[in-house]
Amino acid sequence: MVRLIVVLAAGTALVGCAGQSTMPAEVAPPVAEAAPPAPPPAPKAQIGSYGFDGAGMDPSVKPGDDFYQFANGTWAKNTAIPADKSNYGSFNVLQDLSQQRVRELLDATKDDPNSKIGVAYSSFLDEAAVEAKGLAPIEPWLNEIRALKSRDGYATLSAHAARNGVTGLFGGGVAQDDRNSEAYIVGLGQAGLGMPDRDMYLLNEPNLVALRTAYLDHLTKTLALAGEANPAARAKAVLAFETAIAKVSWTREDSSDATKTYNKLTVAQLAKRAPGFDWVTYLRAGGVDVTELLVAQPSAFTAIAALAHKAPLAVLRDQLIIRSLDTYSDVLPKAVTDESFAFYSTKLNGTPENQPRWKRAVDFTTNTLTDEVSKIYVEKYFPPESKAAMNELVGNLIAAMGRRIDNLEWMAPETKVKAKAKLAVFKSRVGYPDEWHDYSDMAMARDDLFGNALRANQWAYQWNIGKLGKPIYRWEWGLDPMTVNAQANFGLVAITFPAAILQPPFFDPNADPAMNYGGIGAVIGHEMSHHFDDQGSKYDAKGNLSDWWTPADVANFKRLSEALVKEYDAYEPLPGAHVKGEFTLGENIGDLAGLQTAYDAYHATLGGKEAPVIDGMTGDQRFYLGWAQVWRRNYREANLRSRLLTDPHAPSAQRTWIVRNFDAWYPAFGVQAGQKLYLAPANRVRIW
């Protein structure tokens, strides 16, 4: 506007001069044309000048010594972990944003008695009502557990627990049959542990010994909160029982193997292989009428059933009482909430404080009535142009992956044809599902928080087993649109990108393309490549578990993968605590292939031209910095230790270091031999 006013003023001044002209008076002087308005300024990237937070770098660190610190060191040094979090980084920033946005949406509904999400949200916010009721809402279920007087009733009780969302000795549900992707089947897996991993019971590392002491204290206090007599001795018996279960449980590595865990048995065969537990009654009481099912860890089932048969009924009852209070701790009085949080969040993950009640109310409502919340979220916060831009990116990544398959030296020509066929049928799911769940038969009451949670769990259970005998619900997602994450689904041959992750630093339509390809592009490539990693490669173009690679392909892939296992085994995020290369292999392959595919796709968009230099950074430098930026994360030590045992992803710094396997990274940052991340060309892992 200032510019336009100046032009008009100059024109007026010129008119004043024109008044001295000798032109006849009756002829009007020409009117100066106003200059066109200036175009609006181009939209700017939300982070920095081109999508990267340069102020968060630590240029005192050589990229070749620690690329994560070089890109993120100042941010890491200056960023505190909030008191209600066990770790904090790029994902958390966006998840907090989603939580705040959902809060605003729910606040507009909380006084509407006709809004199911408003009723659910309000029931959680009413802490006074929860405290006033005490344990009365859960007592009928606890009394059902206490009423177990004979071993004959344990299978039925375990099935009722599953209906209520409480996991006993065995977990599972209805999912696609891995060898018949057009059919649903019941699958069961080992459970029975109150701590997340068997090693937490078995290893004698000082931190795990201390964790077991804390867990015993938690078991004791939880039984006391339930009003049980002699809780200390009973807690010791539960811990001893679970330790015995841990000894016979499969490792996470074996439990992550799709081939090892595909074991189809008839119910009669399971009963014969795992006597000591009434499987027929368990399935019938759970509302499941089947003759065959999948058993993930057969030897563990045999051993756990035997342990259950020998265990005193008091131990079986006490374990279910404890598990029930832990499962429902957030919708019970503060004493129960605080005790469960003290172990699972503080002792296990180092988190000092629980989230404010409004945050937990948002999470409860989102988890309970996911799609009702999702509908109003995407309507306001997911523009169609974001979906269009993502679909274009996905298309570019698929094309780049196809070219990489064509150029593989280790894969047989006939296998390449099948791999390309699988790539051609990829289903890219962006933003939100095409259909929504119907919660019309799920009752919510403003004055019954525990009942709301119980009914939601029962609804989810019934919905799940109701899939048996029906066509596959290909529209159903495993992630809600408010979640900052992405997913690969082997059975559906699908990749999923919820709305909430399609924001800076992962994706910004106004950022430099190199940043988007290094961010969300690498995430897309990561999820695509999961379909060809150590487990995803076992599924064919129809989503069926099958041997579609030649024996030579398998041998070559294993040889290349073993190099990546060794690379990650050597990383030691904490003194004496290493990354598990075998356990994290699938995710590390995803990072390796995803980033390389994204790099190829980015360069394809340049059409053979050099990318412009921006703020002194080349296109390749910006691409790799985009990758490093999305992995910003600070950990509490307890959380990092727990993740090294339970998380199939390597810690963020080590994920960033995957760049050391890419030839292009070396000249981009002048990485030289002798620097800590330097790998000789022959030692760089190249799979996809």
Side-chain angles (χ1 to χ4, degrees), residues 43 46 51 90-91 93-95 97-98 101-102 105 366 370-402 422-437 472-511 513 515-532 536 541 543 590-591 593-595 597-598 600-602 604-605 626-627 630:
Q46 289 191 36
S90 298
F91 285 81
V93 171
L94 291 184
Q95 201 62 63
L97 177 62
S98 286
R101 285 173 168 175
V102 173
L105 295 169
T366 299
T370 305
D371 286 2
E372 291 301 308
V373 177
S374 300
K375 282 188 275 189
I376 60 175
Y377 176 88
V378 298
E379 183 179 0
K380 184 169 184 179
Y381 291 113
F382 190 63
E385 52 267 29
S386 291
K387 189 164 189 170
M390 266 296 289
N391 285 331
E392 181 180 352
L393 273 170
V394 171
N396 292 343
L397 267 292
I398 288 177
M401 187 69 173
K422 183 175 182 178
L423 194 63
V425 298
F426 266 20
K427 172 70 172 176
S428 175
R429 310 192 296 185
V430 175
Y432 53 92
D434 296 329
E435 296 183 40
W436 303 108
H437 293 91
I472 301 299
Y473 296 176
R474 295 187 176 275
W475 56 269
E476 194 172 42
W477 283 26
L479 299 172
D480 64 66
M482 294 77 69
T483 296
V484 184
N485 209 337
Q487 184 187 61
N489 186 301
F490 298 155
L492 297 177
V493 197
I495 47 179
T496 305
F497 308 98
I501 199 173
L502 306 180
Q503 302 176 87
F506 295 92
F507 174 69
D508 181 351
N510 301 318
M515 298 301 300
N516 284 332
Y517 277 93
I520 197 65
V523 173
I524 296 168
H526 174 103
E527 299 306 332
M528 281 173 35
S529 67
H530 266 317
H531 288 274
F532 301 96
D591 288 345
L595 189 60
T597 304
D600 288 359
Y602 167 59
T605 66
W627 166 255
V630 301

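For Thr597, the side-chain contact (heavy atoms from CB on, under 4.5 Å) criterion is met by Leu397, Ala400, Met401, Arg404, not counting sequence neighbours. Listed by chain and residue number, nothing satisfies the side chain to side chain donor-acceptor pair (under 3.5 Å) test with His531 (two or more places apart in sequence, or in another chain). Looking at residues two or more places apart in sequence or on another chain, you find no salt bridge (charged side-chain N to carboxylate O under 4.0 Å, His left out) involving Asp480. Among residues two or more places apart in sequence or in another chain, the salt bridge (charged side-chain N to carboxylate O under 4.0 Å, His left out) test is passed with Glu476 by Lys467. For Lys375, the salt bridge (charged side-chain N to carboxylate O under 4.0 Å, His left out) partners are Glu372, not counting sequence neighbours. With sequence neighbours excluded, the residues forming a side chain to side chain donor-acceptor pair (under 3.5 Å) with Thr496 are Arg429, listed by chain and number.
Contact annotation: the side chain of Lys427 never approaches that of Leu492 to less than 4.5 Å [non-hydrogen atoms, C-beta and beyond]. Side-chain contact between Asp508 and Gln503: absent, with no pair of heavy atoms (C-beta onward) separated by less than 4.5 Å. Residues Met482 and Ser374 form a side-chain contact, since some pair of their non-hydrogen atoms from C-beta on lies under 4.5 Å apart. Side-chain contact between Asn391 and Phe497 is absent, with no heavy atoms from C-beta onward closer than 4.5 Å. A heavy-atom distance below 4.5 Å is found between the side chains of Ile520 and Leu502. The closest side-chain heavy-atom distance from Tyr377 to Thr366 is not below 4.5 Å. No side-chain heavy atom of Asn485 sits less than 4.5 Å from a side-chain heavy atom of Ile501. Here the side chains of Asn510 and Gln46 are not in contact, with every heavy-atom distance at 4.5 Å or above.
The distance from the NE2 atom of His530 to the CZ atom of Phe490 is 6.5 Å, given to the nearest 0.5 Å. Atom CG of Asp600 and atom CG of Asn396 lie 12.0 Å apart (nearest 0.5 Å).
Nearest heavy atom pair, residue Phe382 against residue Ala499, reads CD1-CB, 3.5 Å. The shortest non-hydrogen separation linking Ala511 to Asn516 is O-ND2, 4.2 Å. In plain terms, the two heavy atoms of Thr483 and Ala500 that are nearest each other are O-CB, 3.7 Å. Pro498 and Ala486 get closest at one heavy-atom pair: CD-CA, 4.2 Å. Of all heavy-atom pairs spanning Trp477 and Val430, the tightest one is CH2-C, 3.9 Å.
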Report task. Take Asp434 and Arg474, measure what side chain to side chain contact (heavy atoms under 4.5 Å, CB included) needs, and give me the verdict at the end. Result -> CA-CA 10 Å; Asp434 296 329; Arg474 295 187 176 275; over 6 Å; no
Query raised in the report: What do the steps show when you test Phe506 against Phe91 for ring pair (Phe, Tyr, Trp, His ring centres under 6.0 Å), and what is the final call?
Result: CA-CA 9 Å; Phe506 295 92; Phe91 285 81; 4.9 Å; yes
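When only modelled atom types and interatomic distance are considered, Tyr432 and Asp371 share no side-chain donor-acceptor pair under 3.5 Å.
Residues Trp475 and His437 place their aromatic rings such that the two centres sit under 6.0 Å apart.
For the pair Lys422 and Phe532, the cation sits on the ring face: its NZ or CZ lies under 6.0 Å from the ring centre, inside 45° of the axis.
Panel note: side chain Glu527, backbone Ile495; no donor-acceptor pair is recorded below 3.5 Å.
Annotation for Glu379: atom CD does not count as buried by contact number, only 12 or fewer foreign heavy atoms lying within 6.0 Å.
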